[in-house]
Amino acid sequence: MRGAGTADKLGDPAMVFLGWSPSWTCGREEDGALSLTLASPCVQRGLIDCVNGVLLVAYASALLAACVGGRWDGRGRSGGARPRWAVAAVSACCVAVAAAYAVAAFRGSADAAAPIVRGLLWVAVAASLHVQPTRPARAVAVLWWTLFSLLITAYNAEVLATGQGLDVAEAAAWAVNFLLLLCALGSLLRRSRGRQGDDDLSEPLIDKAVHDSELYRAGLFSQLAFSWLNPLLRLGRSKALDLADIPLIADEDCAQQASRRFSKAWSRHRQDKAQSGRSNSLALVLCKCFLREIMIAGFYAFMRTLAIAVSPILLFAFVRYSYQEERDHRVGLSLVGCLLVIKLVESLSQRHWFFDSRRTGMRIRSALMAAIFQKQLKLSSQGRKNHSTGEIVNYIAVDAYRLGDALSWFHMAWSSPLQLAFAVGTLFWALRLGAVPGLVPLIIFGFLNMPFAKLLQGYQAKFMVAQDDRLRSTSEVLNSMKIIKLQSWEEKFRAMVESLRDAEFIWLRETQMKKAYGAVMYWMSPTVVSAVMYTATAILGSAPLNASTLFTVLATLRVMAEPVRFLPEILTMMIQYKVSLDRIEKFLIEDEIKEGLERALPHNSDIRVHVQDANFSWNASASNLTLRNVNLSINQGEKVAVCGAVGSGKSSLLYALLREIPRTSGSVDVFGSLAYVSQNSWIQSGTVRVNILFGKPFDKELYEKAIKSCALDKDIENFNHGDLTEIGQRGLNMSGGQKQRIQLARAVYSDADIYLLDDPFSAVDAHTAAVLFYDCVMTALSKKTVVLVTHQVEFLTETNRILVMEGGQVKQQGKYADLLESGTAFEKLVSAHQSSITALDTTSQENQVQGQQVLNDGIMPSALLATRQASEIEISTRGPSVAQLTEEEEKGIGNLGWKPYKDYVEVSKGILPLCGMVTAQVLFTVFQIMSTYWLAVAIQINVSNALLVGAYSAISIFSCCFAYLRSFFAANLGLKASKAFFTGLMDSVFKAPMSFFDSTPIGRILTRASSDLSILDFDIPYSMAFVVTGSIEVVTTVLVMGTVTWQVLVVAIPVAVSMVYVQRYYVDSARELVRINGTTKAPVMNYASESILGVVTIRAFAATDRFIHNNLQLIDNDATMFFHTVAAQEWVLIRVEALQSLTIFTASLFLILVPPGVISPGFAGLCLSYALSLTAAQVFLTRYYSYLENYIISVERIKQYMHLPSEPPTIIPDNRPPISWPQEGRIDLQDLKIKYRPNTPLVLKGITCTFPAGNRIGVVGRTGSGKSTLISSLFRLVDPVGGRILIDNLDICSIGLKDLRTKLSIIPQEPTLFRGTVRNNLDPLGLHSDDEIWEALEKCQLKRSISSTAALLDTVVSDDGDNWSVGQRQLFCLGRVLLRRNKILVLDEATASIDSATDAILQGVIRQQFTSCTVITIAHRVPTVTDSDRVMVLSYGKLLEYDTPAKLLEDKQSAFAKLVAEYWANCKRNST
């Protein structure tokens, strides 16, 4: 065998490579040769000193970290119950030993360095008994005492066994070591019993530790091995875990703490930046903020890199050992011991690096999510324009979430190049000059990474932009699904979302395919580098190409393979994190609203609102003013009405008082607390009571007053769950009137000083409006200051003052009578109202007589309360709210086995790419093994260097083709799956019935369309490929080891069985943890999107802090799940590594113990080179298997929504109505019965009547009486459970939905506009010419405002039409109807948000344009209904009255007569 002799001459090669100097640790032998074997006692003693030195450094680092982190609490010991005298006695003994060493040093020994160093170490040990300020410091101290004692005991035992003696200092030290060991054991026992240490004095006195995670009470070994998770995993093994089973995270990991730290650091950074003019850097702030945690994780990463770098050198020592004919087994066993220690350090450091990184990442994520939420509550109007609701939710759901993993990748970003540098150093050590040429291809491959990474960065940025567009559009479509279904626009909007996804898919394909090209480059680099190095070494002769050299290089290149494999991934991830950080930073530096502090009520003045010479502009530019020259002063208790035409600036005036519109000049002072009721009602998900209390404590008297004055008492009585009835997202299961009254009750209950009410009566009927005005505004708020925007002219006489708005100015202000005399603007409004009242006369003179008669019979406004109680038109809300509407989010339970994987492959039709991927990986691994086998065989048969290197290079490079194919097939499988799942999800959601959207929070659907789909796009395909890769690698590695030492298989098989058991044990809990995590994420997104919509209300009520607090709790819920999911992953990995270490231990032990010559050095090198990579391969497999098990839940979640119950078909080919249908427009309701869901009572209870063709039908009834349900049934948003609806004698249930809905027109209760232009809002399907659109705009009074803009029909409409007033939005809806010209028109409270003048014009337009049409009107304004041909009165879902208005008015007791009388009463009050 080559090189055996040289090895003997050099002594122990293991010691040579470790580089220990003999100068002060060991003396020389008698013949002058160095005694440098690991078996020699002096070398072992030196090793113990080194271990002590390392632990001293670790202890000092822990003390330094405590100082830097400000966590030094001044308490010396952590012994808890341990007596002070015991500690003092042991430390005194330590000092005595130090003194003994000092004496030994100064007695004139040849080398005094060793005793002095040992003496100093004992002094440090004495100090460590007293100084342990933090948990890490305690842990290191206990570990130090334990290891020191055990190592010294083992060393002294060996010295005594060889017949040598101990000097006095060593004997004394040994005795004290036993005392130290007792101290360590005592400390561990106390902590394992969960003692309350000194640290707990700083905790609150309430015992919240009962629910905290075990981690915060765990001992050192429990923390090291993650055993603190055992109780949770045991529980998860016995039953499916749910949220209540998961322990809480402690304050140090909570969002509040993280948020507070970040906020301080960010504001300090912004101030410094403002002074120095530097650019912002969110990454820098986060680093400063979490520096201590980042440093600790960095230390673990460094230790792990070091342990991996040493492995090839250890392999070199093993192979050199196998060359020796005369072997010292003690040296061999020492090598095995070193191998185990290195594996232990590698395992522990890697597991804790990952856990600590992701734990800190969780804190960073929580801090950013909280910061984004806080920012959106303070965002200025310009900021809201720059960032849509969808984008802000995306910052939380995608960007902040992604940054939770950033820290582990950040440490990989520097530790991987460091690992490469160590590897290059090892290559130089092994090959000397032969390694130099190998650096050339290494550098070339390194530089090739740069343009590749830049390319990927570009794709990633473009993908994110495209994803934002799609999510914004998807969110808008889901929120407006009702109007889309009513208008039968599903295909159009579905196509739009699909086209946005196609644009996104282009960048997804580019990214994934480029990764496949990357795979070749990254696998070729180690092969090309090794080939060049072997060739250069052979030519230069710088080192012998024997087994030790070849396999050391091979092992080193394996060490290089991991960073090389991950570098592109690291670059990609760092790019993604950079993009995410930039997006979040751009959002966080947006302007905030200048919040005026609530001014204390002045003592000497009654003024509550004072505005002087104020100008306001949304664009913050004086050129384009929204409000100009506003002068206003309102006193305590005043009731001020604001009226004016649509778009005159009424709502803007309230926004100005709320400081929502930037003020360009003048002053605004508001004294006292505010309550605000918005025009578009904003309701939170939750119960009715929660919405009314709005965070205030429950006060029964005030609560009942609020409910009664807002006419909610009857509603609540009729809810099955009373005021604990759940309200769906955005108040989906409440009628418009109920939502408005809940809002009003919220304002009344807040007991504020000033009330700003924006058109609160628009969504309620005339009767309820009167009740709300007199009972609520005039009675309940009699002593409050109220600013009321309203179109109800009939209430204006009651107010103290009226402001008339026109063109963004307060044109007139004063009392009703004064304004009538003086002004023109106000006179216009009133005369329009009067003409709408006199329209009553035109129907029939008799109507007025009857009305007057009813009026004279005593139903005056003073008797309104009696009317309300006596009225038959009572509410019935037994609609969808009878059973709690929003159900718990569905999540799978238990082991689904292969089903999700099967679904993934079947849905994507990906069996071919899957088989291709597996085959390619098998071939790749086979050729890789062949290349290394060739080296082992070639060394034995002494082939030429040229053949050895040439054959190796050829086989290796050829194998890289299969690496490309594997990645190509993986990318292909992923792309097919992404396409198929997205199409299936959108198909299902767009075809789902309206009941699904009523009972499902939009956030749940959006989570599936965003984060779950993102996992499907990026994570699953490559995780699947990595699991296949890892499985094949582990199996082949064990087989290769088995071919060299077959005995390994005896251990490997039981180890494999144990690993399967451990993984199954883990997966039972992990799967549930990830599933629960899936349901804790959606509430965070829902709460954020809900809060964005209601941000003006939240600010007005000064509820910002409460919303921030609630958000922090939701983030903590989510973080708790993340924390335990990550910990469980490390729990399984550390156990799997420990088990695989047994296999490595067995292989290395057999290589040491077999007689010389049985196993050639070549095969010994082959076996060990594979053995050293075994744990890495196993961890790689287990990690990606765990990831895949977690990721596959996204498939399960998307699949839940891919098979939703579908609406009836859009078209029934065999039963299509004639093109001219309906020719007349006659509607027959025959015993119509409607219920929303099988488990709820009937909402419409057997209605039978006929709407004659061409008639105008008025539908009235108290809020929630079933009016909107009737419309829903006409459009088949809900199908009858009994009875039929016939249109022109055709049963509407017998034809397709599209055929029905395109023939009906509707102006809905809540006008909906989409982001885009005026043109595509009026004509989304593009069926009409510009001329037709202009004609429609002219008829619906919008032509003037649109023709004044530069873009004309391409004028921008922002999210939800926010840049248009509610009245204008309703006019847009009228424009749509005018373009469609259908025979049947439904007006669902269509003129609720416009003034009387515009209303009168519109009614004229409708009468003129739809003369031959059947018009069904649900209206709150009596004039709108009284000129109908017939009136239908609904109550409790029953048809109460149905006749001509004249006939109904004849009967004084009819419900309709009472309604009209009430209206006349208000009008008469006006005129007086």
Side-chain angles (χ1 to χ4, degrees), residues 390 469-502 730 732 983 985-998 1002 1005 1009 1204 1206-1212 1216-1217 1271-1272 1274-1278 1292 1295-1329 1332-1333 1336 1340 1353 1357-1361 1364 1369-1388 1390:
D469 287 345
R470 173 179 64 82
L471 285 176
R472 180 198 288 138
S473 185
T474 308
S475 174
E476 182 179 54
V477 167
L478 292 174
N479 281 318
S480 310
M481 191 53 88
K482 186 170 183 180
I483 188 69
I484 289 172
K485 286 193 175 296
L486 287 171
Q487 305 276 11
S488 194
W489 288 337
E490 295 101 311
E491 286 174 17
K492 153 77 185 165
F493 282 95
R494 165 81 201 280
M496 180 183 72
V497 173
E498 285 275 7
S499 68
L500 290 169
R501 172 65 177 170
D502 289 343
R730 296 178 89 173
L732 275 169
T983 307
L985 177 68
M986 286 299 118
D987 259 348
S988 178
V989 168
F990 272 91
K991 286 177 181 169
M994 203 57 222
S995 58
F996 167 73
F997 297 97
D998 288 345
I1002 298 303
I1005 309 170
L1204 299 169
S1206 182
E1207 275 192 317
T1210 49
I1211 290 169
I1212 300 171
R1216 298 201 67 175
I1271 302 310
S1272 295
L1274 192 60
F1275 282 84
R1276 287 184 65 196
L1277 287 183
V1278 54
I1292 63 168
I1295 61 171
L1297 292 181
K1298 188 175 181 181
D1299 285 335
L1300 170 69
R1301 290 171 186 169
T1302 50
K1303 298 293 185 176
L1304 306 178
S1305 293
I1306 185 166
I1307 303 179
Q1309 186 173 352
E1310 289 176 6
T1312 306
L1313 295 188
F1314 299 93
R1315 188 186 177 97
T1317 63
V1318 169
R1319 180 187 282 105
N1320 58 29
N1321 262 284
L1322 282 167
D1323 182 25
L1325 306 180
L1327 302 173
H1328 302 278
S1329 68
E1332 288 174 306
I1333 293 172
C1340 65
L1353 291 179
V1357 175
S1358 64
D1359 279 348
D1360 291 330
W1364 300 85
R1369 284 181 239 166
Q1370 223 145 20
L1371 297 178
F1372 268 106
C1373 295
L1374 178 70
R1376 288 174 187 158
V1377 166
L1378 289 167
L1379 281 171
R1380 283 177 80 157
R1381 314 290 307 206
N1382 283 327
K1383 268 288 180 190
I1384 296 171
L1385 170 64
V1386 178
L1387 307 176
D1388 188 359

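- By the side chain to side chain contact (heavy atoms under 4.5 Å, CB included) test, P1209 is found to be paired with I1212, residues two or more places apart in sequence or in another chain being considered.
- Judged as a side chain to side chain contact (heavy atoms under 4.5 Å, CB included), and not counting sequence neighbours, the contacts of S1206 are K991.
- R1376 has its side chain out of reach of I1307: every pair of non-hydrogen atoms, C-beta onward, lies at least 4.5 Å apart.
- The side chain to side chain contact (heavy atoms under 4.5 Å, CB included) test applied to T1302 returns S488, K1298, R1380, not counting sequence neighbours.
- None of M496, E498, K492 except one satisfies the side chain to side chain contact (heavy atoms under 4.5 Å, CB included) rule with R494; the exception is E498.
- By the salt bridge (Lys or Arg N to Asp or Glu O under 4.0 Å) test, K485 is found to be paired with E490, E1207, residues two or more places apart in sequence or in another chain being considered.
- The side chain to side chain contact (heavy atoms under 4.5 Å, CB included) check on K1383 picks up P1222, S1412, with sequence neighbours excluded.
- Among residues two or more places apart in sequence or in another chain, the salt bridge (Lys or Arg N to Asp or Glu O under 4.0 Å) test is passed with D502 by none.
- Residues satisfying the ring-ring contact (aromatic ring centres under 6.0 Å, His included) criterion with F990, sequence neighbours excluded, are absent altogether.
- Counting heavy atoms from C-beta outward, L1385 and I1306 have side chains that stay 4.5 Å or more apart.
- Partners of R470 under the salt bridge (Lys or Arg N to Asp or Glu O under 4.0 Å) rule, at least two apart in sequence or in another chain, are E504.
- In this view, T1317 and N1320 satisfy the side chain to side chain donor-acceptor pair (under 3.5 Å) rule, not counting sequence neighbours.
- Shown here are the side chain to side chain donor-acceptor pair (under 3.5 Å) partners of R1319, two or more places apart in sequence or in another chain: D1330, D1354.
- By the ring-ring contact (aromatic ring centres under 6.0 Å, His included) test, F996 pairs with Y1201, sequence neighbours left out.
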- Task: Walk me through it: do L478 and V989 pass the test side-chain contact (heavy atoms from CB on, under 4.5 Å)?
- Result: CA-CA 9 Å; L478 292 174; V989 168; 3.8 Å; yes
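- For the pair R1301 and L1277, the minimum side-chain heavy-atom distance is below 4.5 Å.
- Shown here are the salt bridge (Lys or Arg N to Asp or Glu O under 4.0 Å) partners of R472, two or more places apart in sequence or in another chain: E391, D469.
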